Amino acid sequence: DMPAGSVVELAGVQTVGTKIVSDEVTYLEDSAAGLQLFLSRTLGVLPTLTQKRAVATGEISASVAKRVILESLSDLEIFESAPVAPRHIEADAAEANLGRSVVISGKVESIETDAIFLGRLEGAIKSHFAGAKSIFRVDDQVLIPSVVDWNSASGKVELWASSSDYQLLF
């Protein structure tokens, strides 16, 4: 819990690659927490590899998202494979897993073209999933590999499907 602007060095496993949320972000996590690493595309292209041990050096962002800003691609060192199994959580536990790779479990309340909304006690949570409208139906019970993060556009915690390997529960 260091203040924004502090420079930190973090070690963990790169669990979610670029292009899931944005080509400017990837995710690093360890047993205690997960966070977003941001590198402006004008400064370099983040690696797409996942399940690799990594060390990142950057500045803690003032954003609501748990984010560390990298100044250059050399601020992220990638090492050997280190598989991490995502946590299995209910939709109600999303906020407590910000920046983490998870398998989210929930009931579909509504559907948009590229998103579903999973029911929760405190209101539905949006899960970005390409082609959702042609795949899911209201009341489906689902398990979806995802990353939990803050969406600055909506001002809410949301989910981004990190894989199309969803499961329908019956």
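Scope of the values below: all heavy atoms of this structure, side chains included, with no hydrogens, waters or symmetry mates. None of these values were measured; they are calculated from a predicted model.
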Quick one: closest heavy-atom pair of [X] and [Y], and the distance?
X: Ile20; Y: Ala161; result: CG2-O, 3.6 Å
X: Ala82; Y: Val13; result: O-CG1, 3.3 Å
X: Gln14; Y: Leu28; result: N-CD1, 3.8 Å
X: Gly106; Y: Leu118; result: C-CD2, 4.1 Å
X: Arg87; Y: Ser31; result: NH2-O, 3.7 Å
X: Thr50; Y: Gly17; result: CG2-N, 3.2 Å

From [atom1] ([X]) to [atom2] ([Y]), nearest 0.5 Å:
X: Arg53; Y: Glu77; atom1: CZ; atom2: CD; value: 9.0 Å
X: Thr57; Y: Leu10; atom1: OG1; atom2: CG; value: 7.5 Å
X: Ser61; Y: Gln36; atom1: OG; atom2: CD; value: 8.0 Å
X: Asp23; Y: Thr48; atom1: CG; atom2: OG1; value: 11.5 Å
X: Leu39; Y: Ser74; atom1: CG; atom2: OG; value: 9.5 Å

Are side-chain heavy atoms of [X] and [Y] found at a separation under 4.5 Å?
X: Glu9; Y: Val55; answer: yes
X: Thr18; Y: Val25; answer: no
X: Val84; Y: Ser101; answer: no
X: Val16; Y: Ser146; answer: no
X: Leu70; Y: Leu43; answer: no
X: Val8; Y: Val68; answer: yes
X: Ile111; Y: Lys133; answer: yes
X: Ile144; Y: Ile116; answer: yes

Does Lys66 have more than 12 heavy atoms from other residues, nucleotides or ligands lying within 6.0 Å of its NZ?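 Above 12, so yes.
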If you count heavy atoms of other groups shown closer than 6.0 angstrom to CD of Glu80, is the number above 12?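 More than 12 within 6.0 Å, yes.
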Regarding Arg120 and Glu95, does a basic nitrogen lie under 4.0 Å from an acidic carboxylate oxygen?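 Counted as a salt bridge, because a side-chain N and a carboxylate O are separated by less than 4.0 Å.
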Hey, can you tell me if Tyr166 and Phe129 have their rings parallel, tilted or perpendicular (30° and 60° cut-offs)?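 Geometry flag for Phe129 against Tyr166: perpendicular rings.
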Hey, which of Arg100, Lys52, Glu29 is the one that makes side-chain hydrogen bond (donor to acceptor under 3.5 Å, both in side chains) with Thr15?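 The side-chain hydrogen bond (donor to acceptor under 3.5 Å, both in side chains) with Thr15 is passed solely by Glu29 among Arg100, Lys52, Glu29.
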